[in-house]
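Every chain is numbered from 1, with letters handed out A, B, ... down the list of sequences.
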Amino acid sequence: MPYTPREIEPKWQSRWKAERAFATDQDASKPKYYVLDMFPYPSGAGLHVGHCEGYTATDVLARYKRAKGFRVLHPMGWDAFGLPAEDFAIKHGVHPHDRTQETIANFKKQINSLGFSYDWEHEVDTTSPEYYRWTQWIFLQLFHKGLAFQDEIAVNWCAALGTVLANEEVKNGRSERGDHPVERVMLRQWMLKITAYADRLLDDLEGLDWPTSTMVMQREWIGRSEGAEITFATELEGESITVFTTRPDTLFGATYMVLAPEHPLVEKLTTAAQRDEVQRYAHSAKNKSDRERQEALGAKKKTGVFTGSYAINPVNGAKVPVWIADYVLWGYGTGAIMAVPAHDQRDYEFAQAFSLPIVQVIAPKGGGSMPEGEAYEVSGDDAVMVNSGSFTGLSSAEGKKKIVGELASKGVAKPTVNYKLRDWVFSRQRYWGEPIPIYFPVEMERADGDPRKGDAHKIRYDQPIAVREADLPLRLPPTTDFKPSGDPLGPLAKLQDWRFFQQDGQWFARETNTMPQWAGSCWYYLRFLDPKNGEHIFSSDLENRWMNVDLYVGGAEHAVLHLLYARFWHKVLYDLGHVTTKEPFAKLRHQGMVLGEVEYTGWKVDSDWITAKDVGEELDPSEERPGIWATLKKGSALAQAVKLSETQVKKAGEGFVVSEAPSILVDARAHKMSKSRGNVINPDDVVAEHGADALRGYEMFMGDFEQAKPWDTRAIKGITRFVNNVWMVVFEPKDCEGDAHAKLRHKTIKLVGERIETFKFNTALSALMEYVSALQSKGATKADREALVQLVAPFAPHLAEECWEALGHKELVCKQPWPSYDEALTIDDVLVIPVQVSGKMRGTVEVARDATEEQVKALAMALDNVQKALEGKTLVKVIWVPAKMLNLVVK
RNA sequence: GCCCGCGUAGCCCAACGGUAGAGGCAGGGGAUUUAAAAUCCUCAGAGUGCGGGUUCGAGUCCCGCCGCGGGCACCA
């Protein structure tokens, strides 16, 4: 009977569905296991092989844990608000809602075709009013706690596109899409006060089982920094400049000050003589996006302008000039710094550029040498204060405390902690997002005026009113006009009848901005517990039974934002008593990126080969220039990529060269899958050709789960052979003498379980490959076949069900307990022990497991090779690692 | 520039500090076939990116480089 995945896979999928095989087990007597995937944005492009990797891993865990006696919650849903559906709507005239439902249906079909064991009775869709009702509800909790507030902030406004753009969407002051001008404008935005949770978000990372790289990124993003605020008097009566510094010990070396161009004191401190120049500089700085300011870094050239004013250094009364420069950020600290060029590289470069004095006040402890041509940035106990009045001789660490202490007593300093983390800009000028459940009083110029008709009115944004919880959800109003209007209020503002309403004769206006896409994904793992609850966000009983998430799997691209935002909301809900755990996700793993197939790329300028070493940066794809192009390291010509087949290249030393031109190196590497490169693998095609079980198996077999690895279409064959072999062992059985494989079987059961738990799926499969090939060549018992099928089941569940049935079972294999093993049978009684002489391999001896050092040594000494190696030498030491190896050390 | 990860056979990848190979792809030979595909059997293939060090023993630990990937980047 041939193996036909096309027939058996749909068969078992419908059987699982009919029997509700993956309905969440609520049996409280069992230990719980909540295994969660980062739910996808259902894009029009459909499921990606990268999704499949993560989903297969969690599915393997879910199936394994069920078999191990856990009650498992394994849900799936849709993060479905967002820009692509809205863009599609504008372009094709399909409502984002309809488009979203189509893409969801497609995703769901694809996911189901892979046989994942999700409990669809817990499905959520962030765009359904039943869901976003509670997203809005959480927003109101934030609002009532003062954690959601409005502020005027500088944003990238693109008038042509009619929207605010993220920093990533702005290049050289123009929009990435459409190349329209972008300006920095002040706009009223809703903000969430995530900074109030900075310390807890930092401290509670401790104890989480997360990848260290992700924890490091979160720590750096929060960017806690301890220092002090110090106030400098100015020449102007009543005006002073407060700076934040982490190096109060360098105060004697502060030879000038810098204000950010946006700083309000700039206006006051600028002297008449400097006014024109300062204004010009401030204006151009303001129009730069944050990104442009960062790009200026690449140029390494500091710019700035003297205001004409001076401030007084509080520690020594020195008069220091006040400059403005864009290397000081308005958004961090106080937007002003004391510049210590001797001990801060940025200040050093600025001082060099403008010939400002550089005064050394810190020296290496014990009189070591100072670096030349750069700042000496060492602090702590290895650095000593010099040239610092009464503080001279103190260590940098002591000096910090003493200087701040002394200035604090005079009221001009205080210890301060700063964070890089900013409050979260929470408004979007979009249609396809959750409406913000807030409205504002409207003051009419004429008592009988109607704001919907454009009568003169004023919206009191300073008096926000929360929609009553009973009135949630505040539904997204139907419209066919999602196009940006050029108005920062967003498309909802065009719906006058929705926007304005009258109550007791008073007019009100709704907030017309919507929430960002992050909102829905901030708490979906909680709604999964109780997705149909119409009374409460979720029942506290279920929260108690299931939280927190035991395993969370998703891409590393969410290492900071999503995971930080979700943790923030979780802590707010914790403070309000709605959840009982401080952290939502106990264990986190990221799947490595699945790259395209390895490609051999040669480079040509016109028709001449260029060796890969001379090729510089690859250019972004563009429509005018089809193909892939790169700059050259020398000269201005562009090189075009020529894709070569394996037969057109050959290995030469470290790299590959063009066969016909062996001096020409080619690039041999796998690239990210992308449309423009044309190397995207569609999982549907793989399922159609090889079956879902083979795809799942291949995804797990490719390599280390957390490491990036290339797709290799040919290598799938290895898995299809394996899957076929499992099939043959069951459907074309060959018996063996006695229980010949008992040891191997028990070892395999042990290994597969251990390797699933430690995410070593590739080696779990290699153990299964060994096992199946043994059963195939030497025959199998019923116990062998049953164990094989059960161990394979998490990876290839359809195949396993079909085999299980063929073995005479009525029950589903996914409902069976995991096979157990006998530890004693996993241990070999005869061992092959390597024998080394002075660390070099000289042979092996076969001994009983409990052989003593003397026994092994005697056997080893008898080996020819060992005797030769020992000839004329004295044995000085014997290293015996029981059951591992013997090393005879000679002189 | 800084931080993290990774460099093992033609390729993808394994290897508690203890015989460099678990597994897979590709390749050679053979069986089967009219032939091919598929399948099966079988063989070969690297001394672990480079240079030092620690150790009885280093792919594994330490130091310094190189390459690739990812992240951060004037945060005072």
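Listed by residue number, the members of residues 594-603 of chain A with any heavy atom below 4.0 angstrom from RNA chain B form an empty set.
K650(A) comes within contact range of no nucleotide atom at all, as no heavy-atom separation falls under 4.0 Å. When heavy atoms are screened at a 4.0 angstrom cut-off, K884(A) is found touching base atoms of the nucleic acid. Across all strands shown, Q836(A) has heavy atoms under 4.0 Å from base atoms, whether or not it also approaches the sugar-phosphate. V243(A) comes within contact range of no nucleotide atom at all, as no heavy-atom separation falls under 4.0 Å.
In this structure a side-chain-to-backbone donor-acceptor pair under 3.5 Å is missing from E689(A) to G691(A). No donor-acceptor pair closer than 3.5 Å links the side chain of K750(A) to the backbone N or O of E823(A). With hydrogens and angles ignored, the 3.5 Å screen pairs no side-chain donor or acceptor of H343(A) with any backbone N or O of E377(A). The backbone N or O of S645(A) sits less than 3.5 Å from a side-chain atom of Q648(A), completing a donor-acceptor pair. Checked by atom type and distance alone, the side chain of N725(A) never pairs as donor or acceptor with a backbone atom of S773(A) at under 3.5 Å.
Closest non-hydrogen pair, P794(A) versus V60(A), comes out as O-CG2, 3.4 Å.
Side-chain proximity of R721(A) to the nucleotides A15(B), C25(B), G23(B) is greatest for C25(B). Residue K651(A) places its side chain closer to G10(B) than to any other of G24(B), A76(B), G10(B). The nucleotide whose nearest atom lies closest to any side-chain atom of F701(A) is, among G24(B), G18(B), A14(B), G24(B). Counting only heavy atoms from C-beta on, K877(A) has its side chain closest to C56(B) among A38(B), A22(B), C56(B).
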Using a cut-off of under 3.5 Å, enumerate the N/O to N/O pairs linking the protein to nucleotides 2-5 of chain B.
from, atom 1, to, atom 2, distance (Å)
G5(B), O2', Q707(A), NE2, 2.7

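Side-chain to base pairing of K302(A) with C74(B): one donor and one acceptor N or O lie within less than 3.5 Å of each other.
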For salt bridge (Lys or Arg N to Asp or Glu O under 4.0 Å), just list the numbers for E706(A) and R589(A), CA-CA rounded to whole Å, side-chain angles, deciding distance to a tenth of an Å, and then say yes or no.
CA-CA 7 Å; E706(A) 305 194 55; R589(A) 291 293 180 272; 3.7 Å; yes
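In this structure, K840(A) does not reach the G47(B) phosphate: none of its side-chain N or O atoms is under 4.0 Å from OP1 or OP2. Within the structure, a side-chain polar atom (N or O) of R669(A) is placed less than 4.0 Å from OP1 or OP2 of G69(B). A close approach under 4.0 Å does occur between a side-chain nitrogen or oxygen of Y332(A) and OP1 or OP2 of A76(B).
Spacing between atom CE of M700(A) and atom P of A22(B) amounts to 24 Å, rounded to whole angstrom units. Rounded to whole Å, atom C1' of A22(B) lies 15 Å from atom CG of D704(A).
Annotation: salt bridge (charged side-chain N to carboxylate O under 4.0 Å, His left out) contacts of R247(A) (sequence neighbours excluded): D249(A).
Between the side chains of T231(A) and S240(A), no donor-acceptor pair of N or O atoms lies under 3.5 Å.
G64(B) and C50(B) make up a base pair, with Watson-Crick or G-U wobble contacts both under 3.5 Å.
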